[in-house]
> 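First the structure, then my questions, so here it is.
Positions are given from 1, in the same order as the sequence printed here.
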Amino acid sequence: MKNKKLLIGVIACIVIIGAAYFIVQNYFSGYAKKSVDVAFAKASQFADIDYSNVNYSLLTSEIDVHDVKIHHLDTQYTTYIDTIVVTDIDKEKEIPSHMSFKLNGIHFDKDTLDKNIVNSIEELGYSFPIKTDFEFSYKYNEKEKNLVIETIRFGSPDIGTIESSLHVGNIDLNNAFQLIFTYPQLLMYSGDIRYIDHSLFNRTIKAKAKRQNVSEEDVKKQILQKLDQDLQQENLSPFTKDILTKFKNFVNNPSKIEISLSTKNPVPLGRLLRSQEMLELGQTLQ
C-alpha cells in the first residue's frame, strides 16, 4: 500500500514539474515572439517579414523562428528560410558583444532567379528548390575594438560548404557605415578559409567536358597544367606557392581545401591587400 502511495506521489510530482515546465516554456516563447517582432519591425523599410511561429527552449536557451518569408520591397523577390535558430545573443547592448545564429533551409522561387543562374545550376544537374544553410558566430570587445568571427559558414550538404574564421582589430561596430571608408585601417591578426566539396567540383568538370566535347580527365589535365606553369614562375612567394600546391592537390582529390593566414604582428588590411603575394594570387585565380 505504501509503495502504491509512493508511486502515485512520484507520478504526481512528475506531472506537476512537467506542467510547470510547459507553462514557463510558453511564457518565454511569448517573450521571444515579442523580441522577434521588434527585430523584424526594424527591417520594415526594406522588407516585409512573416513567420509561422516562435519557440523558446529552456534547456538550450535557443530561439527558433519557423517558416520565415522575407519579401524584399526593392526587388519584389521573396527569400524563404525554413528555420532561424538563435543560439546565443547579448541582449544588453544595441550592438551585441556576442551572437550566434543559424539560417537553415534558405531558398528562393526559381522564377525569380536570373535565367543564366538557373541554366548554370541545371547544367550541373541540380534541381530546385536548392536549399542552403548559413551559420554565423562572433565575439566583439567594444573597448578594445576587437572582433573575433568564430564561425561563418555557408553551403549545402548536396553541393559544398565554405567556412571561415577571422580575427580583426581596430574595428568600431558602432560606426559600421564608416567601415566602407576606413576598412584599410583594420588590423588583421589571423584568418582561415576552408571549402569542403560534396559534389560541385566533379559536376563542374563534367559539364565543362561536355561543352568542350572532351573527357573529364582532359579537363583536369588542363587545370593541372595551368597550375604547374604558375608553380614554375620565378620569385614565387612561399604563400602563393603553398596555395597553388593546395589547389593542385584538391584537383587530384576534390574533398577539402584550406587556406590560413596569420602574422607575427597585426597588419593593416590595406597593406595586406596591396602586398605582392595577394597580387600574385589574384592574377593566378583569374
Side-chain angles (χ1 to χ4, degrees), residues 32-33 36-37 39-55 62-87 99-138 149 151-164 193-216 218-220 222-223 247 250-251 254-257 285-286:
K33 183 180 184 304
V36 169
D37 289 339
F40 285 170
K42 292 181 179 180
S44 59
Q45 290 180 264
F46 314 102
D48 291 330
I49 305 177
D50 299 309
Y51 61 89
S52 63
N53 65 298
V54 176
N55 294 326
E62 289 185 355
I63 299 174
D64 298 347
V65 187
H66 299 273
D67 304 320
V68 180
K69 295 181 181 179
I70 305 173
H71 183 67
H72 307 276
L73 300 181
D74 56 343
T75 61
Q76 299 300 310
Y77 293 160
T78 301
T79 301
Y80 301 91
I81 305 173
D82 291 345
T83 313
I84 298 176
V85 182
V86 181
T87 55
M99 181 167 61
S100 180
F101 67 88
K102 301 175 184 177
L103 309 180
N104 297 326
I106 306 168
H107 56 286
F108 307 89
D109 287 325
K110 178 181 175 180
D111 296 337
T112 64
L113 296 175
D114 183 272
K115 288 185 178 179
N116 291 328
I117 295 176
V118 172
N119 292 337
S120 297
I121 291 173
E122 291 182 337
E123 182 186 21
L124 293 174
Y126 297 112
S127 57
F128 289 88
I130 293 176
K131 293 190 177 184
T132 57
D133 301 324
F134 178 78
E135 181 177 352
F136 187 71
S137 175
Y138 78 87
I149 298 177
T151 303
I152 180 167
R153 182 180 294 115
F154 178 76
S156 165
D158 298 325
I159 301 174
T161 300
I162 186 167
E163 54 187 37
S164 180
I193 184 169
R194 291 170 297 281
Y195 173 69
I196 304 168
D197 189 76
H198 302 304
S199 68
L200 180 60
F201 181 79
N202 286 332
R203 289 186 183 223
T204 302
I205 295 296
K206 184 176 181 179
K208 189 171 183 179
K210 185 176 180 180
R211 287 196 304 269
Q212 296 180 353
N213 195 27
V214 296
S215 69
E216 295 176 31
D218 287 337
V219 174
K220 285 187 178 182
Q222 293 172 12
I223 298 172
F247 271 103
F250 178 80
V251 173
S255 56
K256 182 174 74 172
I257 184 170
L285 298 180
Q286 283 180 350

> Once rounded to the nearest 0.5 Å, what's the spacing between atom CD1 of I130 and atom NZ of K110?
10.0 Å
> Just verifying a value: how many Å separate I196 CD1 and E163 CD, rounded to the nearest 0.5 Å?
4.0 Å
> Under a 3.5 Å distance rule, please check whether S52 uses its side chain to pair with a backbone N or O of H66 as donor and acceptor.
yes
> How close do I106 and D133 get, heavy atom to heavy atom, and via which atoms?
CD1-C, 4.5 Å
> Taking the six-membered ring for Trp, are F134 and F154 parallel (under 30°), tilted (30 to 60°) or perpendicular (over 60°)?
tilted
> Rounded to the nearest 0.5 Å, what separates atom OH in Y77 from atom CG in L113?
8.0 Å
> Answer yes or no: is there a donor N or O on one side and an acceptor on the other, between the side chain of D109 and the main chain of D111, under 3.5 Å?
no
> Looking at every non-hydrogen atom in both residues, tell me the closest pair between Y138 and I149 and how far apart they are.
CB-CA, 4.1 Å
> Please step through side chain to side chain contact (heavy atoms under 4.5 Å, CB included) for the pair D82 and H107, ending with a clear verdict.
CA-CA 9 Å; D82 291 345; H107 56 286; 3.3 Å; yes
> What distance do L73 atom CG and Q45 atom CD have between them, rounded to the nearest 0.5 Å?
10.0 Å
> Once rounded to the nearest 0.5 Å, what's the spacing between atom CG of D64 and atom NZ of K102?
10.0 Å
> Grab the two heavy atoms, one from Y126 and one from S199, that are nearest each other, plus how far apart they are.
OH-OG, 2.6 Å
> Looking only at non-hydrogen atoms, find the nearest pair between H71 and T78 and report the distance.
ND1-OG1, 3.1 Å
> Between the main-chain N or O of S100 and the side-chain N or O of T87, is there a donor-acceptor pair closer than 3.5 Å?
yes
> Let me know which of L200, N202, I159 forms a side-chain contact (heavy atoms from CB on, under 4.5 Å) with L124.
L200
> Please evaluate residues Y51 and I81 with respect to the criterion side chain to side chain contact (heavy atoms under 4.5 Å, CB included), reporting the C-alpha separation (whole Å), side-chain torsions for both, the decisive distance (0.1 Å), and the verdict.
CA-CA 9 Å; Y51 61 89; I81 305 173; over 6 Å; no
> Tell me which donor-acceptor pairs under 3.5 Å the side chains of residues 206-214 have, and how far apart each pair is, sequence neighbours excluded?
residue: R211; atom: NH1; partner: E123; partner atom: OE1; Å: 3.3
residue: R211; atom: NH1; partner: E123; partner atom: OE2; Å: 2.9
residue: Q212; atom: OE1; partner: Q222; partner atom: NE2; Å: 3.4

> Run the numbers on F101 and I63 for side chain to side chain contact (heavy atoms under 4.5 Å, CB included), then give the verdict.
CA-CA 9 Å; F101 67 88; I63 299 174; over 6 Å; no
> For the pair T151 (side chain) and S137 (backbone), establish whether a donor and an acceptor sit closer than 3.5 Å, ignoring hydrogens and angles.
no
> Applying side chain to side chain contact (heavy atoms under 4.5 Å, CB included), run through F128 and E122 and close with a yes or a no.
CA-CA 8 Å; F128 289 88; E122 291 182 337; 3.9 Å; yes
> I need the D67 CG to I84 CD1 distance, nearest 0.5 Å.
10.5 Å
> Testing the basics here: between I70 and A47, what is the closest heavy-atom pair and its distance to 0.1 Å?
CG2-CB, 3.8 Å
> To check you understand the geometry: which heavy-atom pair defines the closest contact between F250 and S255, and what is its length?
CE1-N, 3.7 Å
